[in-house]
Novice: 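My questions will all concern the structure given below.
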2 protein chains.
Amino acid sequence: MKPKKRVTIYDIAKKLNLTASSVSRALNNSSHVNENTKQLILKTAAEMNYKPNSLASNLRKGKTQTIGVVVPRINQNFFANVISGIEEAIYQKGYNLIICQSNENHEKEVQCVNTLMNQHVDCIVISVSADGNDYSHLQNALDHNIQLIQFDRVAENLETLKVINDTEQASFEAVSHLIEQGYKRIALLEGPQVLGIFRQRRDGYLNALKTNNLPVDESLIIPNSWTKEQTTANVRALLSMPNPPDAIFASRDDFSALGVLEVANDMGVKVPEELGICGYSNEAFTQITSPSITTVDQHAVYIGQTVSNLYFHEAEAKGKEKESRNSPKTISIKPKLLIRGSTQRNK
Amino acid sequence: MKPKKRVTIYDIAKKLNLTASSVSRALNNSSHVNENTKQLILKTAAEMNYKPNSLASNLRKGKTQTIGVVVPRINQNFFANVISGIEEAIYQKGYNLIICQSNENHEKEVQCVNTLMNQHVDCIVISVSADGNDYSHLQNALDHNIQLIQFDRVAENLETLKVINDTEQASFEAVSHLIEQGYKRIALLEGPQVLGIFRQRRDGYLNALKTNNLPVDESLIIPNSWTKEQTTANVRALLSMPNPPDAIFASRDDFSALGVLEVANDMGVKVPEELGICGYSNEAFTQITSPSITTVDQHAVYIGQTVSNLYFHEAEAKGKEKESRNSPKTISIKPKLLIRGSTQRNK
DNA sequence: TTGTAAGCGTTATCAT
DNA sequence: ATGATAACGCTTACAA
């Protein structure tokens, strides 16, 4: 089999005794081309199995109709769903998606952003990694006039478009719900406090206690741990205290909540009677454990759609008026507390 | 703020009274450039905040160092993990990944493949959607001399590299395990039979029954259903039979296994005492339900790594000898049966 | 409506 | 070791 060069618009032009410009026009259905020749060109292009070369086209046009996303991990439900939301929305506009994962590694994140810049994506959508708080790579992207949209985990003092959850409020509601159910000693499993979203979850927790005149017991606030084993050990220690908590808000994520449930089962602690458990992020499994786990849904898909809409809205605006670019607009989406079995006491 | 044009190698060249070729050479650290000037160029490039334009470079070189992946859904654990595996492996070689999801939709899948071809990816990695069995778009890619690697759900009579699981064997082992545990009437929840992997799971099931001289009862074989509600209804009907099954092999996936567990809990059927449950694909939650769910681990990350290795291996081979391209090699990976609580009877 | 020609930012092939 | 130049495939003024 011979190498078989890819057919270009020149090949089509030659075959039809036309010129490349006409072919290009027809292919982009410009109005400045005769309807008949246009049909002819389209037909021959199909016959010759022509595939446009996006590289060339993008290089020439200076834009790629491509959006790049950087997330810590794509195999986390929340991110996978946000990406689905973005993808769905941009796809129908003929845009493409390049997905990179930083693996929670700052260096890799920098590399991802650079790659995307080199690829000349029209927009970079990012949720920053938990590792490191140097955002010069993002500033750099901004300096290069690249549309930047942050979501969920955002570098706050970077002036970009942002789509976030009202995390503190959600956290406040979750803890308030626990208090309503009669839980009085509520422990908190924290996420990494370098990230704003986890500080906000802590703030919401503290706020709810304060609002309800409950004391804050520092020994009930457990700092983030990176391994499952460590989490399990922490929870076990917590439940073995002389004066153990009667509820645990696993603000880190549902996986830690699941860990709590496991330990509770293991130690014979009844959920929700003796221990209330609330997780965060509405992983699919929280619905089917027994008891099912109360959690916070972040509307991930909707966040993705919002990001896309924001981009297109901004892109249009940029087209019309000058200088509206990278206006530091922030859209806040209200998460929803899903009350399930793990916090519903049969009083 | 002025538009700020991106700096090119010409800008660097001009500043240093050199020519673009030298700058290019230095940037690609060619051997044909003086060490001093090279350092100088590198330094100035950094100072000027130069970012290479991959579009131009790729267009010129005719290759993109980019691999495209098409999967039904990225928010399914299995696929997310395969992608992670691929990404990790190719990243260190300086390759990029473009991820597309077909949403189990044939038309969208075709579109994805076309997009990737237009983007001139060096390789397309695909797991085909369950919808439709027309693979002309893939044949087309092959005709265009694009390296194609299929994994998991493969179009069998397409001559490409393939990385698959030994699904039938895994399924056989799963059912054999159920039989060993003393279950005698084993029902099967099928996945969509258009896909080979699901036919193989069925074959493994039938084979295990036959090998153990157990009768095949067609009323225990439940065809795939696309909604959770339907699955639940099916399982309920199954367990309400006068002569109900004492085990269910949810060969479709762990979510259907979870559905079974739910229904069983709901109906007061004890797992594993009265009903054994085995799922497929080792979703994270199967470890933490109670009882935990016996399932089959497909080594998703490893599949991803294998795909990458296969690509690089093939790429090298192609470099050396002519005509080894697209040899229809198939690598089969043995899945692992994870025996957990849902099938371990305390006899 | 169609053709001509320049240019997007690189890299490769010649020269020098 | 460096420079000049063509080419990758496409789009787009401008001209006809």
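Just so we're on the same page: letters track the sequence lines, and every chain starts at 1.
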Novice: By salt bridge (charged side-chain N to carboxylate O under 4.0 Å, His left out), which residues pair with A:Lys61, not counting sequence neighbours?
Specialist: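 With sequence neighbours excluded, A:Lys61 shows a salt bridge (charged side-chain N to carboxylate O under 4.0 Å, His left out) to no residue whatsoever.
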Novice: To the nearest angstrom, how far is A:Glu35 atom CD from C:dT2 atom C1'?
Specialist: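 For the pair A:Glu35 CD and C:dT2 C1', the rounded distance is 15 Å.
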Novice: For the side chain to side chain contact (heavy atoms under 4.5 Å, CB included) test, which of A:Thr66, A:Val125, A:Ile67 pairs with A:Leu97?
Specialist: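 When side chain to side chain contact (heavy atoms under 4.5 Å, CB included) is applied between A:Leu97 and each of A:Thr66, A:Val125, A:Ile67, only A:Ile67 qualifies.
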Novice: Describe the nucleic acid contact of B:Asn28 in one word from base, sugar-phosphate, nothing, applying a heavy-atom distance below 4.0 Å.
Specialist: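 Touches sugar-phosphate only.
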Novice: A:Asn103 side chain to A:Asn105 main-chain N or O, any donor-acceptor pair under 3.5 Å?
Specialist: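 Here the side-chain-to-backbone pair does not exist.
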Novice: When the distance from CD of A:Gln119 to P of C:dG9 is rounded to whole Å, what number comes out?
Specialist: 16 Å
Novice: Got a sec, which residues hit ring-ring contact (aromatic ring centres under 6.0 Å, His included) with B:Tyr10, two or more places apart in sequence or on another chain?
Specialist: none
Novice: Please round to the nearest 0.5 Å and tell me the distance separating atom CG of B:Asp122 and atom NZ of B:Lys63.
Specialist: 6.0 Å
Novice: Start with the C-alpha gap between B:His137 and B:Asn114, add the side-chain angles, then the distance that decides, and say whether side chain to side chain contact (heavy atoms under 4.5 Å, CB included) holds.
Specialist: CA-CA 8 Å; B:His137 56 306; B:Asn114 278 328; 5.8 Å; no
Novice: Any luck finding a side-chain donor-acceptor pair between B:Ser30 and B:Asn28 under 3.5 Å?
Specialist: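 No - no donor-acceptor pair under 3.5 Å links their side chains.
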Novice: So does A:Pro72 get a backbone contact from the side chain of A:Glu104, meaning a donor-acceptor N/O pair under 3.5 Å?
Specialist: no
Novice: Take the C1' atoms of the five end pairs on each side of the helix from C:dT1-D:dA16 to C:dT16-D:dA1, get both axes, and report the angle to 10 degrees.
Specialist: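 Roughly 40° between the end axes, to the nearest 10°.
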Novice: Measure CG/B:Asn118 against P/D:dG9 and give the value in whole Å, please.
Specialist: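 Interatomic distance, CG of B:Asn118 to P of D:dG9: 14 Å.
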Novice: What's the CG-P distance between B:Asn29 and C:dT11, to the nearest Å?
Specialist: 12 Å
Novice: Separation of B:His32 atom NE2 from D:dT2 atom P, in whole Å?
Specialist: 12 Å
Novice: So if I take residues 8-18 of chain A and measure heavy-atom distances to DNA chain C, which residues fall below 4.0 Å?
Specialist: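 Of all residues in residues 8-18 of chain A, the ones placing a heavy atom under 4.0 Å from DNA chain C are A:Asn17, A:Leu18.
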Novice: Does A:Lys51 have any salt bridge (charged side-chain N to carboxylate O under 4.0 Å, His left out) partners at least two apart in sequence or in another chain, and if so, which?
Specialist: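 Per chain and number, A:Lys51 pairs via salt bridge (charged side-chain N to carboxylate O under 4.0 Å, His left out) with no residue.
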Novice: Roughly how far, to the nearest 0.5 Å, is CD of A:Gln65 from CD1 of A:Ile90?
Specialist: 10.0 Å
Novice: Atom CG of A:Leu59 and atom C1' of C:dC8: how far apart are they, to the nearest Å?
Specialist: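 A:Leu59 atom CG is separated from C:dC8 atom C1' by 4 Å.
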Novice: How long is the line joining NZ of A:Lys38 and P of C:dT1, in whole Å?
Specialist: 10 Å
Novice: Between C:dT1 atom P and A:Ile41 atom CD1, what is the distance in whole Å?
Specialist: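 That distance rounds to 13 Å.
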Novice: Remember a base hit wins even if backbone is also touched, and classify B:Thr37 as base, sugar-phosphate or nothing at under 4.0 Å, heavy atoms.
Specialist: sugar-phosphate
Novice: Treating A:Thr64 as the side-chain partner and A:Asn58 as the backbone partner, does any N or O pair qualify as donor plus acceptor under 3.5 Å?
Specialist: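 No; judged by distance alone, with no hydrogens or angles, the pair does not exist.
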Novice: Base, sugar-phosphate, or nothing for A:Thr19, non-hydrogen atoms under 4.0 angstrom?
Specialist: base
Novice: Using a cut-off of less than 4.0 Å, is there contact between a side-chain N or O of B:Ser57 and OP1 or OP2 of C:dG9?
Specialist: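 For C:dG9, OP1/OP2 do not have a side-chain N/O of B:Ser57 under 4.0 Å.
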Novice: Which class fits the ring pair A:Phe79 and A:Phe151: parallel under 30°, tilted 30 to 60°, perpendicular over 60°?
Specialist: perpendicular
Novice: Show the distances under 3.5 angstrom between N or O atoms of the protein and N or O atoms of nucleotides 12-16 of chain C.
Specialist:
unit_1: C:dA12; atom_1: O4'; unit_2: B:Arg60; atom_2: NH2; d: 3.1

